[in-house]
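What follows is one structure encoded as structure tokens, with my remarks underneath.
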Protein chains: 2
Amino acid sequence: MSEIERGRGAAIWSQISAILAGEIIRGQLRQGEQLPSAQELAARFDVNRHTVRRAIAALEQRNLVRTEQGRGSFVQEQTLDYPISRRTRFTQNMHNLNVEADLEFLEDARETAPPKVAQALGLDRHEYVYRVETISRADGHIVDYSTAYFPAARFPSLPAVYRRLLSVTRTLNELGVTDYERRFTRVSARLPDATTARLMKQPASRPILYVQSINADLRGVPVQYGITRFSGDWVQLVLMAEP
Amino acid sequence: MSEIERGRGAAIWSQISAILAGEIIRGQLRQGEQLPSAQELAARFDVNRHTVRRAIAALEQRNLVRTEQGRGSFVQEQTLDYPISRRTRFTQNMHNLNVEADLEFLEDARETAPPKVAQALGLDRHEYVYRVETISRADGHIVDYSTAYFPAARFPSLPAVYRRLLSVTRTLNELGVTDYERRFTRVSARLPDATTARLMKQPASRPILYVQSINADLRGVPVQYGITRFSGDWVQLVLMAEP
DNA sequence: CCGCCCTGTCTAGATAACTAGACATTTGTG
DNA sequence: CACAAATGTCTAGTTATCTAGACAGGGCGG
């Protein structure tokens, strides 16, 4: 069954918490359903009731369960399907999904292109790029933490425009890019580094989806290279075949 | 910098190990490069040298570093880019990547379609599907653990053919599906359940890429629904724009 | 309203994880 | 070869985590 490994670097309340969270997320425990009692869970995992209580407390803090004295603990969950295609746009996505989207600007900078970025954008390594960092939320939850790079030579006024419009699509539009499409996407599952964990307000032990992408204009010239870190827990990327 | 959280459920050697693994995977520490000495790392994280040594031992076991007495520890790493497109085929992928691919058959079964599977394949919920479980390796490392569902009515002899050919493409070919393409892909980052962790020989604390997909024949009729769990650590999914 | 089952809170003790320090062993260098 | 700097291996003490048990208090059905 659900095996607990003692002495493997993770506190066992933390392992139990992860197992229960997994069962909730993959739907083995349904929304609103009552968890087994602390006593029963203690028996199932062969640990003390106090240890189970610690695990459940952690689930409460992640908002995965709610617990009522004298009654029990109950599942409280939802996920978000995030479509990715050639024509992926965050704002549009969120609007389609009928959730309240909110983009928070963190910072921007002009810097010489890091090697990977230069390569992605087809720039010389001494050229400047604008780096823009943002966090997006939906219904109050953090959806992603994103770092975007734009060629500075082509879009000299980008930072000001971006700060005003807070939208990649509209910013590029105003700067003469009438349309763009996603040319490249790479997805991996990682644990967040310290900065990312802090910004996304999640523990370093919860995985994120780490997505690198390149958007290009309709002539195929790259206009943006981005690194987007999604909350792996409740965001799922959906890749549709083109019609 | 790299923040260690004490008393948050993860042993601190385990946190340090995760941080260093992250720096290796995202290339801040390059292949072959020497790690800082245990003494220096102990200073950086403000912990005892023994704790750092435990962290490094864990990295050795994951084959991320190699350590030599009197010299130091050195990065030992590689990743695998796994392309996903409308025409994704595992065997072909691996062959293109120039790695030795190996598919191990685990089990198959005929069962009534679980609700999600029935929906994905466009079947009635009382119809039968074949479920096939496999593990694939490349150069000896586990790449993914996969569960595939096929409509039993359409492919009555599938299990026997599959066991013989050990390839989705060739099996469907022999059963009259000359070509197929990927219609739908959903990707999320998760921690593995106990069974998955065991089969993939990885700890339950290391994330996996959890990919659900539907393949359809050229008339658009679904022929396969699959759940593939990739080693999130060293496999990266690459999504290319179609030419 | 009583009994049963649940969560909540406390205390005390056992076990695992981390720290501190001493010293051995290997490697590379002057 | 002597020395510095790294890993490897002990021992002992401290702190965090887990176990064990007792009891208080809310919820619910007979």
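Hydrogens, waters and symmetry mates play no part in the numbers below; they use all other heavy atoms, side chains included. In what follows, chains carry the letters A, B, and so on, assigned in the order in which the sequence lines appear, proteins first and then strands, with residues in each chain numbered from 1.
Note on A:Trp13: a side-chain N or O is less than 4.0 Å away from OP1 or OP2 of D:dC18. At the phosphate of D:dA5, neither OP1 nor OP2 sits under 4.0 Å from any side-chain N or O atom of B:Arg71.
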>> Apply side chain to side chain contact (heavy atoms under 4.5 Å, CB included) to residues B:Leu41 and B:Ile16 and explain how you reach the verdict.
In response: CA-CA 9 Å; B:Leu41 288 172; B:Ile16 291 171; over 6 Å; no
> Hey, mind stepping through A:Ile24 and A:Glu33 against side chain to side chain contact (heavy atoms under 4.5 Å, CB included) and telling me if it holds?
Replying inline: CA-CA 10 Å; A:Ile24 289 170; A:Glu33 193 174 331; over 6 Å; no
>> The test is side-chain hydrogen bond (donor to acceptor under 3.5 Å, both in side chains); show your working for A:Thr147 and A:Arg229 and say whether it passes.
In response: CA-CA 9 Å; A:Thr147 305; A:Arg229 305 154 195 87; 3.3 Å; yes
> Between B:Lys116 and B:Ile227, is a side chain to side chain contact (heavy atoms under 4.5 Å, CB included) present by the stated rule, with each step listed?
Replying inline: CA-CA 11 Å; B:Lys116 280 184 187 174; B:Ile227 295 170; over 6 Å; no
>> What verdict does the side chain to side chain contact (heavy atoms under 4.5 Å, CB included) test give for B:Leu199 and B:Leu106, after you've listed the backbone C-alpha separation in whole Å, the side-chain angles of each residue and the deciding distance to 0.1 Å?
In response: CA-CA 10 Å; B:Leu199 285 171; B:Leu106 293 180; 4.3 Å; yes
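Closest approach to the A:Thr67 side chain among C:dT7, D:dT9, C:dA17 is made by C:dT7 (side chain taken as heavy atoms from C-beta onward).
Heavy-atom distances to DNA chain C give each of A:Arg8 and A:Gly72 a nearest nucleotide, and the one nearer the 5′ end belongs to A:Gly72. Both A:Ala11 and B:Ser37 lie near DNA chain D, and the one whose nearest nucleotide falls closer to the 5' end is B:Ser37.
Going from atom CD of A:Glu68 over to atom P of D:dG25 covers 20 Å, rounded to whole Å. Atom CD of B:Gln69 is separated from atom P of C:dT27 by 7 Å (rounded to the nearest Å). Rounded to an integer number of Å, the gap from CG of B:Leu59 to C1' of D:dT7 is 15 Å. The interatomic distance linking B:Arg66 (CZ) with D:dT7 (C1') rounds to 14 Å, in whole Å. Distance, B:Arg54 CZ to D:dC10 C1': 16 Å, rounded to whole Å. The CD atom of A:Gln39 sits 11 Å away from the P atom of C:dC5 (whole-angstrom rounding). For the pair B:Glu5 CD and D:dT17 P, the computed distance is 12 Å after rounding to whole Å. Between the C1' atom of D:dG27 and the CZ atom of A:Phe74 lies a distance of 10 Å, rounded to the nearest Å.
A donor-acceptor pair is defined here as one N or O able to donate and one able to accept, closer than 3.5 Å; no such pair exists between the side chain of A:Thr67 and the backbone of A:Glu60.
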Close N/O contacts between protein and nucleotides 19-21 of chain C (under 3.5 Å):
residue: C:dT19; atom: OP1; partner: B:Arg6; partner atom: NH2; Å: 2.6
residue: C:dT19; atom: OP2; partner: B:Asn48; partner atom: N; Å: 3.0
residue: C:dT19; atom: OP2; partner: B:Thr51; partner atom: OG1; Å: 2.3
residue: C:dG21; atom: O6; partner: B:His50; partner atom: NE2; Å: 2.6

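Around the CZ atom of A:Phe105, the shell of radius 6.0 Å holds more than 12 heavy atoms that belong to other residues, nucleotides or ligands.
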